[in-house]
Number of protein chains: 2
Amino acid sequence: MIGDACPSSKCADCGFRSAVFASLNAGQLEMLTSGKTFNAVKKGATICKQGEEIKAFIFLRVGLAKLVRNTTDGREQIVGIATPNDFVGLLSLFSSKIYQYSIIAIEDSEYCSVDYSMVMDLIRGNGVFAQSLLEKISHVSDILINTRLDLDLRQLRGRVAFIICYFANEVYGATKFNLPISRKEIAELIDMRVENVVRILSELRRDNIIRIEGTTIDILDPEKLKWIKVHG
Amino acid sequence: MIGDACPSSKCADCGFRSAVFASLNAGQLEMLTSGKTFNAVKKGATICKQGEEIKAFIFLRVGLAKLVRNTTDGREQIVGIATPNDFVGLLSLFSSKIYQYSIIAIEDSEYCSVDYSMVMDLIRGNGVFAQSLLEKISHVSDILINTRLDLDLRQLRGRVAFIICYFANEVYGATKFNLPISRKEIAELIDMRVENVVRILSELRRDNIIRIEGTTIDILDPEKLKWIKVHG
DNA sequence: TACCTATTTTGATATATATCAACCTTGATT
DNA sequence: AATCAAGGTTGATATATATCAAAATAGGTA
């Protein structure tokens with residue numbers, strides 16, 4: 001499960017290149033290729049653990065993961081969802097020596113780890129790369145903060161609608177999808193209690209706004225759902 | 001009020017140098033010195049406005065400012081407080097062409113503006129500078145996110161205690177201080193209603209945990225306040 | 001001073017959310 | 001098939017928070 005070769009062994013061919021590594025030259029890409037580690041993990045696997053030393057820069061290539069924070073009083077809080085190409089792994093990379101959050105796969109996933117010191121060398125040696133990394137990390141942080149602020153303004157109905165829209169629009173790009181997280185995890189993600197998540201989902205179903213079949217959610221009335229997300 | 005000369009006209013002598021600009025060489029510092037604008041503003045002044053184009057990198061040298069977000073439905077939300085040397089002005093600098101938040105002085109303040117393109121040039125030309133900027137922005141974002149997540153776990157009593165402790169410990173370093181923001185602004189900062197802010201402050205006073213004299217707050221029982229902040 | 005207006009404060013009440021308890025599903029295991 | 005554990009669901013109730021109304025206070029201005 002650890003340290004497999006990357007399917008396309010050259011990082012130059014990897015889909016990620018366009019995203020952050022576009023500015024690297026041939027030599028730097030070669031360094032990256034030989035220094036990275038490819039990993040494939042099953043749903044539920046821990047990719048990195050809160051509190052442990054940061055040794056690598058983590059890239060989600062395929063799949064889905066949750067960022068989890070264990071609070072001092074023993075509760076769990078889901079900080080956000082990491083999707084391929086969004087560089088959530090960057091989050092506290094430069095501000096701390098230890099991971100602020102755990103990253104746990106919520107779908108079968110593939111990711112690459114790039115040695116921390118190698119990334120630092122690339123930053124110092126390539127200003128354009130540094131700039132693009134600044135833009136990425138800034139963007140990821142901004143989205144996270146703005147999402148949180150948006151959620152804070154809403155009451156529970158609006159938060160649940162928000163999260164359904166999020167998975168539909170941002171993650172799956174479809175009105176019908178498999179919810180990758182449990183009711184309890186939804187609760188941890190939007191700061192509410194399991195019972196209320198369930199209750200509100202039931203209400204949305206009763207009002208024919210969504211259909212729930214097992215783990216599948218089907219949005220029947222996107223307009224009404226959006227209205228609840230904004231006003232409710 | 002705009003474009004005054006900086007008291008110490010060379011950025012090399014400025015207290016900020018140690019913070020981010022330590023890695024700049026003489027020529028780069030000279031460029032910075034000639035390209036920056038120094039500003040002194042009164043309490044209440046708008047330093048930058050949400051939605052406007054980002055043209056400069058803003059540095060708070062002296063004073064205190066609030067980051068304000070106007071929501072789509074007309075409410076105001078205070079994202080955070082900017083203190084001298086903490087580089088809150090960095091927040092969305094690299095992820096957007098427009099300011100995500102307004103910055104408004106809540107005490108008489110002084111700040112410097114550095115042209116956006118100049119900062120970009122420095123990043124591209126000086127990897128160590130880029131790295132230190134990455135660390136700063138990452139740190140600022142991390143604190144903001146973690147604070148928000150902490151607040152989200154608490155109920156109102158805990159949030160009010162949190163904010164009192166914040167001003168006492170992080171901003172003024174004293175148990176007795178002048179609250180720089182109104183009750184309404186406290187409410188906007190920690191997502192609650194003015195009436196409840198007032199009510200809880202009154203409770204804290206009644207229980208001899210704090211004393212309130214006009215705009216001054218005096219923490220009488222730091223231990224109890226901390227307990228409420230954590231458990232309340 | 002007298003007169004505004006905004007902020008602060010308190011109380012009564014409605015609404016939203018959490019808690020507690022019970023039961024139902026589902027999937028895994030024996 | 002029987003058992004079990006975990007997640008899911010619903011209802012009744014307690015608690016927390018928002019809303020509405022009204023009064024007190026402070027600051028600015030004619």
Side-chain angles (χ1 to χ4, degrees), chain A residues 42-44 66 71 73-78 104 106 151-164 178-207 209-217 228-229 231-232, chain B residues 42-44 66 71 73-78 104 106 151-164 178-207 209-217 228-229 231-232:
Chain A
K42 292 282 173 197
K43 174 175 177 164
K66 60 177 176 178
T71 64
D73 56 327
R75 292 171 66 179
E76 276 201 355
Q77 210 174 8
I78 298 183
I104 298 173
I106 54 177
L151 284 172
D152 286 343
L153 287 173
R154 290 177 168 74
Q155 45 195 50
L156 303 194
R157 217 169 313 279
R159 291 190 209 165
V160 171
F162 187 101
I163 228 57
I164 295 174
N178 263 9
L179 244 197
I181 57 177
S182 69
R183 307 289 188 260
K184 181 157 157 288
E185 286 171 316
I186 294 178
E188 289 168 351
L189 179 54
I190 56 184
D191 293 301
M192 49 190 287
R193 300 291 163 168
V194 187
E195 293 95 325
N196 289 323
V197 172
V198 170
R199 237 182 282 276
I200 288 166
L201 284 173
S202 299
E203 282 175 31
L204 294 176
R205 178 182 49 202
R206 182 202 55 191
D207 298 341
I209 296 170
I210 61 173
R211 178 158 46 208
I212 307 175
E213 299 162 3
T215 169
T216 300
I217 293 219
I228 294 173
K229 164 184 155 177
H231 300 99
Chain B
K42 291 282 173 198
K43 173 173 178 167
K66 61 176 177 178
T71 64
D73 56 326
R75 292 171 66 180
E76 277 202 353
Q77 210 174 9
I78 299 184
I104 298 174
I106 54 177
L151 284 172
D152 287 342
L153 287 173
R154 289 176 168 73
Q155 44 194 49
L156 304 194
R157 215 168 313 278
R159 291 189 211 167
V160 171
F162 187 100
I163 227 57
I164 296 174
N178 262 10
L179 244 195
I181 57 177
S182 69
R183 309 286 188 262
K184 180 157 157 287
E185 288 171 315
I186 294 178
E188 289 168 352
L189 180 54
I190 56 184
D191 293 300
M192 50 190 285
R193 298 294 162 165
V194 188
E195 294 93 324
N196 289 322
V197 173
V198 170
R199 237 182 282 275
I200 288 165
L201 284 173
S202 299
E203 281 176 32
L204 294 176
R205 179 181 48 201
R206 183 201 54 193
D207 298 341
I209 296 169
I210 61 173
R211 178 161 44 209
I212 306 176
E213 299 160 4
T215 167
T216 300
I217 292 218
I228 294 173
K229 164 184 155 177
H231 301 98

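Since this is a predicted model, take the numbers as computed values, not measurements. Every chain is numbered from 1 and lettered A, B, ... according to where its sequence line falls, protein lines coming before strand lines.
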### Query
Could you run down nucleotides 24-29 of chain C 5' to 3' and tag each one B, S or - for protein heavy-atom contact under 4.0 Å?
------
### Task
Note the angle between the end axes of the helix from dT1(C)-dA30(D) to dT30(C)-dA1(D), five pairs defining each, rounded to 10 degrees.
30°
Just to verify, what does [X] make a side-chain contact (heavy atoms from CB on, under 4.5 Å) with, not counting sequence neighbours?
X: Glu76(A); value: Val68(A), Asn70(A), Glu188(A)
X: Ser182(B); value: Lys184(B), Glu185(B)
X: Asp152(A); value: Gln77(B), Arg148(B), Asp152(B), Asp191(B)
X: Glu195(A); value: Arg193(A), Arg199(A)

### Task
Check side chain to side chain donor-acceptor pair (under 3.5 Å) between Thr216(A) and all other residues, then give those that pass, not counting sequence neighbours.
Asn178(A)
### Task
For Thr215(B), enumerate each residue passing the side chain to side chain donor-acceptor pair (under 3.5 Å) test, keeping only those at least two apart in sequence or located in another chain.
none
### Query
Quick one: how far along DNA chain D does chain A reach, first to last nucleotide 5' to 3', anything under 4.0 Å to a heavy atom?
dG8(D) to dA12(D)
### Within residues 180-189 of chain B, residues whose heavy atoms come under 4.0 Å of DNA chain D
none
### Positions of residues 194-203 of chain A (non-hydrogen atom under 4.0 Å from DNA chain C), listed by number
Glu195(A), Asn196(A), Arg199(A)
### Query
Just checking Arg159(A): base, sugar-phosphate only, or nothing, at a heavy-atom cut-off of under 4.0 Å?
nothing
#### Entry: Listed partners of Arg157(A) passing salt bridge (charged side-chain N to carboxylate O under 4.0 Å, His left out), at least two apart
Glu203(A)
